[in-house]
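Remarks on the structure that follows.
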Amino acid sequence: MKQNKHRNLMLELAVVVASILALMLLVYFVMIVSFQNGVRSTNVTMQLAERVAMAVFDNPEQDQIKTVSLMIRYGAHLALFFVVGLVTAFVSMVIFRGYFRIVGVLLSGAACYLMAYYTEYFKQYIDGRHFQMTDVQLNWYGGLAGISCMVASYFMNRLLVKLSG
């Protein structure tokens with residue numbers, strides 16, 4: 001009995017450590033993507049936008065390519081921070097138990113907002129980049145969507161366990 005409890009505690013500790021390491025790796029990735037040179041960032045986005053525009057339109061015009069580029073950029077902000085929100089909420093739900101999970105979810109929301117704001121804020125100090133509040137909002141909405149999905153999956157799991165038991 002005591003050995004099972006010790007084994008469960010070690011497994012739980014391993015999950016917590018792995019979750020925190022995964023979150024740190026994700027934050028590192030966000031920093032690398034966010035703090036690249038403006039010219040390089042624009043070139044990558046425009047090349048991708050040209051490929052997508054060529055696939056969608058027969059002979060795309062510059063306005064169409066710019067619109068596709070903007071959609072790609074907005075989608076990237078939302079998708080990246082969706083993953084950040086999902087992972088931070090998961091980590092907080094692993095660390096905090098019982099009613100303290102509410103505190104964990106609120107802390108993950110605060111962490112997502114701080115990361116959303118400051119990744120954009122520090123861009124103004126990088127050549128060719130600048131601060132945009134719309135990007136902060138996109139980051140924040142993506143983070144909130146990720147947190148919401150994690151919380152919804154938690155409650156769905158609880159409901160399914162209750163119904164099956």
Side-chain angles (χ1 to χ4, degrees), residues 1-36 41 44-45 48-49 51-52 55-56 67-124 129-165:
M1 182 79 147
K2 192 173 189 177
Q3 197 173 25
N4 270 349
K5 189 174 183 179
H6 179 67
R7 193 175 298 146
N8 287 343
L9 185 64
M10 292 304 290
L11 179 63
E12 191 173 319
L13 182 63
V15 169
V16 168
V17 169
S19 300
I20 290 172
L21 289 175
L23 180 59
M24 289 171 58
L25 187 63
L26 180 62
V27 168
Y28 177 71
F29 177 74
V30 168
M31 295 304 160
I32 287 174
V33 170
S34 296
F35 298 145
Q36 63 182 335
S41 175
V44 169
T45 304
L48 184 59
R51 288 182 188 165
V52 171
V56 173
T67 301
V68 170
S69 170
L70 189 64
M71 291 170 62
I72 289 170
R73 196 170 66 79
Y74 285 175
H77 280 279
L78 289 169
L80 183 62
F81 273 84
F82 176 84
V83 174
V84 169
L86 202 68
V87 172
T88 55
F90 176 79
V91 170
S92 73
M93 293 176 118
V94 166
I95 293 173
F96 294 96
R97 302 292 175 157
Y99 291 109
F100 292 110
R101 278 201 172 102
I102 296 169
V103 173
V105 169
L106 293 175
L107 286 174
S108 67
C112 280
Y113 182 78
L114 289 173
M115 192 182 304
Y117 183 83
Y118 283 107
T119 54
E120 291 303 319
Y121 176 79
F122 287 115
K123 281 183 185 178
Q124 64 188 332
R129 302 298 293 264
H130 52 279
F131 176 85
Q132 286 187 310
M133 196 61 188
T134 55
D135 289 351
V136 172
Q137 292 169 338
L138 287 169
N139 292 347
W140 174 233
Y141 294 148
L144 280 180
I147 291 168
S148 299
C149 282
M150 183 53 68
V151 169
S153 71
Y154 170 77
F155 283 117
M156 186 66 74
N157 183 37
R158 298 281 298 199
L159 178 65
L160 290 174
V161 167
K162 193 177 230 180
L163 291 175
S164 68

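Given the structure is predicted, the values throughout are model-derived calculations rather than measurements.
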Enumerate the salt bridge (charged side-chain N to carboxylate O under 4.0 Å, His left out) contacts for residues 107-119, please, sequence neighbours excluded, ordered by first and then second residue. none
With rounding to the nearest 0.5 angstrom, report the CG to CE distance, Leu26 to Met31. 10.0 Å
Which salt bridge (charged side-chain N to carboxylate O under 4.0 Å, His left out) pairs, counting each pair once, include a residue from residues 134-155, with sequence neighbours left out? Arg73-Asp135
Around Phe100, counting heavy atoms of other residues, nucleotides and ligands shown, do more than 12 lie under 6.0 Å from its CZ? no
Side-chain heavy-atom pair Glu120, Met133 within 4.5 angstrom cut-off: no
Side-chain atoms of residues 78-97: list all donor-acceptor pairs with protein atoms under 3.5 Å, sequence neighbours left out, distances to 0.1 Å.
| residue | atom | partner | partner atom | Å |
| --- | --- | --- | --- | --- |
| Thr88 | OG1 | Val84 | O | 3.0 |
| Thr88 | OG1 | Gly85 | O | 3.1 |
| Ser92 | OG | Thr88 | O | 3.4 |
| Ser92 | OG | Ala89 | O | 2.9 |
| Ser92 | OG | Gly104 | O | 3.2 |
| Arg97 | NE | Val94 | O | 3.3 |
| Arg97 | NH2 | Glu12 | OE2 | 3.2 |
| Arg97 | NH2 | Val94 | O | 3.3 |

Are there over 12 heavy-atom neighbours, none belonging to Met24, within less than 6.0 Å of that residue's CE? no
Looking at every heavy atom in both Thr119 and Phe35, which two are closest together, and how far apart are they? O-CE2, 3.5 Å
Can you give me the closest heavy-atom contact between Arg129 and Gln36, atom names plus distance? NH1-O, 2.8 Å
Residue pairs fulfilling side-chain hydrogen bond (donor to acceptor under 3.5 Å, both in side chains) with at least one residue in residues 101-114, sequence neighbours excluded: Arg101-Tyr154
Tell me if the OH atom of Tyr118 is crowded by more than 12 foreign heavy atoms within 6.0 Å. no
Side-chain donor-acceptor pairs of residues 157-165 under 3.5 Å, sequence neighbours excluded:
| residue | atom | partner | partner atom | Å |
| --- | --- | --- | --- | --- |
| Ser164 | OG | Leu160 | O | 3.1 |
| Ser164 | OG | Val161 | O | 3.1 |

Taking distance alone, no hydrogens or angles, what donor-acceptor pairs closer than 3.5 Å link side-chain atoms of residues 143-152 to residues at least two apart or in another chain?
| residue | atom | partner | partner atom | Å |
| --- | --- | --- | --- | --- |
| Ser148 | OG | Leu144 | O | 2.8 |

Distance, nearest 0.5 Å, that separates OH of Tyr141 from OG1 of Thr134: 10.5 Å
Working to the nearest 0.5 Å, report the span between OH of Tyr28 and CG of Leu23. 15.5 Å
